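Lettering follows sequence order; numbering is per chain, from 1. None of these values were measured; they are calculated from a predicted model.
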There are 4 protein chains.
Amino acid sequence: MSTTVKDMLATYPADLGDVDRKKLTRCIEECIACAQACTACADACLSEGMVGDLTKCIRTDMDCADICNATASVLSRHTGYDANVTRAMLTACATACRACADECSSHASMHEHCRLCAETCHSCEQACNELLQALG
Amino acid sequence: MSTTVKDMLATYPADLGDVDRKKLTRCIEECIACAQACTACADACLSEGMVGDLTKCIRTDMDCADICNATASVLSRHTGYDANVTRAMLTACATACRACADECSSHASMHEHCRLCAETCHSCEQACNELLQALG
Amino acid sequence: MSTTVKDMLATYPADLGDVDRKKLTRCIEECIACAQACTACADACLSEGMVGDLTKCIRTDMDCADICNATASVLSRHTGYDANVTRAMLTACATACRACADECSSHASMHEHCRLCAETCHSCEQACNELLQALG
Amino acid sequence: MSTTVKDMLATYPADLGDVDRKKLTRCIEECIACAQACTACADACLSEGMVGDLTKCIRTDMDCADICNATASVLSRHTGYDANVTRAMLTACATACRACADECSSHASMHEHCRLCAETCHSCEQACNELLQALG
């Protein structure tokens, strides 16, 4: 799949300030990929015979999906930029991704969807933290 | 309108811990009301003749709506509770509501939707902060 | 809880056309209440000992929550109104609410959250269908 | 960007029925790319000097983003599959994408973000319609 995150960013008609476009692009891409992976992982967990052992995983997946989607939307807007809101959402997103990566990792040896979802969450957490640092 | 937030909370079949149910209920209700008010305010701003003066307001409304909706979802889940995720989202939500209340307030004397939206955001910010304090 | 749906609608600065404001207001309120109830029901199902019997219910709840939230947002906008989009979303929302009401009803005698959620979905389905008819 | 849509689908532990996995994967990918492009286009429109001419475009973008996100979530779930809900959401999504492609196209010669967004919406509309046909 190729998204248009980078191309859309390039068409923004006003000043983007001194944001690191590469890190911003990557972070948006990671957030939307992570939201989808978490939604799919929650659903895959529901179809496991041992779903009773995966209820915390399903919940963590759902939170992470909701938070990643909201973060992707906030990061896709540049008009009237508010650094405090962006930083608070990146912090929340990194926290949710960390929690989901930890929980999914604990099931990774038994469930391939959890292994893959943990990887995606870990990568998204990194992207959020790198963008946070770049924002200063 | 009457939502079923309080009644649904009462049917949760497992232990809710020592959460303050009143503050939790109020916070969920404020988040979903605030998300709707912000979506409506962004749209009302779009139909003002002076929309060019309201672009920061529209953007702040959209962020606030997305973040309030995600926060309402996180707060509506209790299974596998993670205090760090809840706290980070409440902080992000209070930050977004504060930013939106400030921005809408500055247009309140000219636009009734901004005045009403500022009130709703202010009330939601309070509810988030009170729940944050209650969580310890 | 009191939302500001009706009050926000009253502040819209441009022409609303000949929409039935009462039915529109009720439908938005029902959608946001239903989204919250479905999110809470999915989570309550996750904490039931017999979660393995509730996986279809959890999935139906999650779909219904996502679709109700999107419908509430579409209905909260009036600028550049497109009747085809509104009708298609109301149809999708009524379909999801019907499916969720049916599924939750089948667990209503055992789980109070399913009974309450089925009621909320049924009420939201009605509101969507009544608004659809009013739109012509 | 590479999403994990296809890989996550491959890990689903239960029967997927006779769904066309290629068309399903493409449709999910198109929906999440389109939601992001529409969010970015709405924001870019807000920063154009002639924002007053773009209010219908901004609204259509916002609807399309919300509907694409909800559709991606519904399509990412397979447990307790309900063909009626899937079909209704694909129909709503194709309708919203068509409306947004049409509106953005009318500004494409002046605004590169509208040109790019129209392309993305058109591609997503096609993917929704192809999946609809494959579902029978």
Side-chain angles (χ1 to χ4, degrees), chain B residues 1-16 25-26 28-51 58 62 65-66 68-70 72-81 110-117 119-120 123, chain C residues 1-16 25-26 28-51 58 62 65-66 68-70 72-81 110-117 119-120 123:
Chain B
M1 179 210 190
S2 66
T3 62
T4 53
V5 177
K6 187 185 163 193
D7 293 341
M8 286 303 296
L9 189 61
T11 68
Y12 186 69
D15 188 16
L16 280 169
T25 298
R26 191 197 148 205
I28 297 172
E29 289 176 337
E30 292 282 355
C31 283
I32 62 181
C34 192
Q36 196 278 329
C38 287
T39 300
C41 185
D43 179 69
C45 287
L46 274 184
S47 278
E48 293 288 354
M50 55 198 299
V51 57
I58 294 169
M62 291 194 288
D66 287 334
C68 282
N69 267 330
S73 296
V74 170
L75 294 178
S76 297
R77 298 177 186 125
H78 316 293
T79 305
Y81 173 70
M110 302 212 40
H111 306 300
E112 179 64 10
H113 47 86
C114 287
R115 193 194 62 70
L116 199 54
C117 191
E119 260 183 30
T120 310
S123 182
Chain C
M1 179 207 188
S2 66
T3 63
T4 52
V5 177
K6 188 186 164 193
D7 294 341
M8 286 303 296
L9 189 61
T11 69
Y12 185 70
D15 187 15
L16 280 169
T25 299
R26 192 198 147 202
I28 296 172
E29 288 177 337
E30 292 281 354
C31 282
I32 62 181
C34 192
Q36 196 278 330
C38 287
T39 300
C41 185
D43 179 69
C45 287
L46 275 184
S47 278
E48 293 288 353
M50 56 198 300
V51 57
I58 294 169
M62 291 193 289
D66 288 335
C68 282
N69 267 330
S73 296
V74 171
L75 293 178
S76 298
R77 299 178 186 123
H78 316 294
T79 305
Y81 173 69
M110 302 213 39
H111 305 300
E112 180 63 9
H113 48 85
C114 288
R115 194 193 61 71
L116 200 54
C117 191
E119 260 184 30
T120 311
S123 182

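Between chain C and the residues A44(B), A10(B), P13(B), the largest count of heavy-atom pairs under 4.5 Å involves P13(B). Your options are T79(C), T11(C), D43(C), L46(C), and the one with the most heavy-atom pairs under 4.5 Å with chain B is D43(C). Between chain C and the residues A14(B), G49(B), A37(B), the most heavy-atom pairs under 4.5 angstrom are made by A37(B). Of the residues considered (T25(C), T39(C), L75(C)), T39(C) shows the highest number of contacts with chain B, using heavy-atom pairs under 4.5 Å. Across A42(C), A40(C), A35(C), A65(C), the residue that shares the most heavy-atom pairs under 4.5 angstrom with chain B is A40(C).
Between the CG atom of D7(C) and the NE2 atom of H113(B) there is a distance of 14.0 Å, given to the nearest 0.5 Å. Here the SG-CD1 distance, from C31(B) to I32(C), works out to 11.5 Å after rounding to the nearest 0.5 Å. With rounding to the nearest 0.5 Å, the separation of CE in M62(C) from OG in S73(B) is 12.0 Å.
The two residues A33(B) and T4(C) make their nearest non-hydrogen contact at O-OG1, 4.4 Å. Closest approach of S76(B) to Q36(C), counting heavy atoms only: OG-NE2, 3.0 Å. The minimum heavy-atom distance between Y12(C) and S47(B), with the atom names listed, is OH-OG, 2.6 Å.
Using a 4.5 Å cut-off between heavy atoms, T120(C) touches chain B through its side chain atoms alone. For C41(B), the parts lying under 4.5 angstrom from a heavy atom of chain C are both the backbone and the side chain. For chain C, the nearby part of N69(B) is the side chain; its heavy atoms alone come within less than 4.5 Å.
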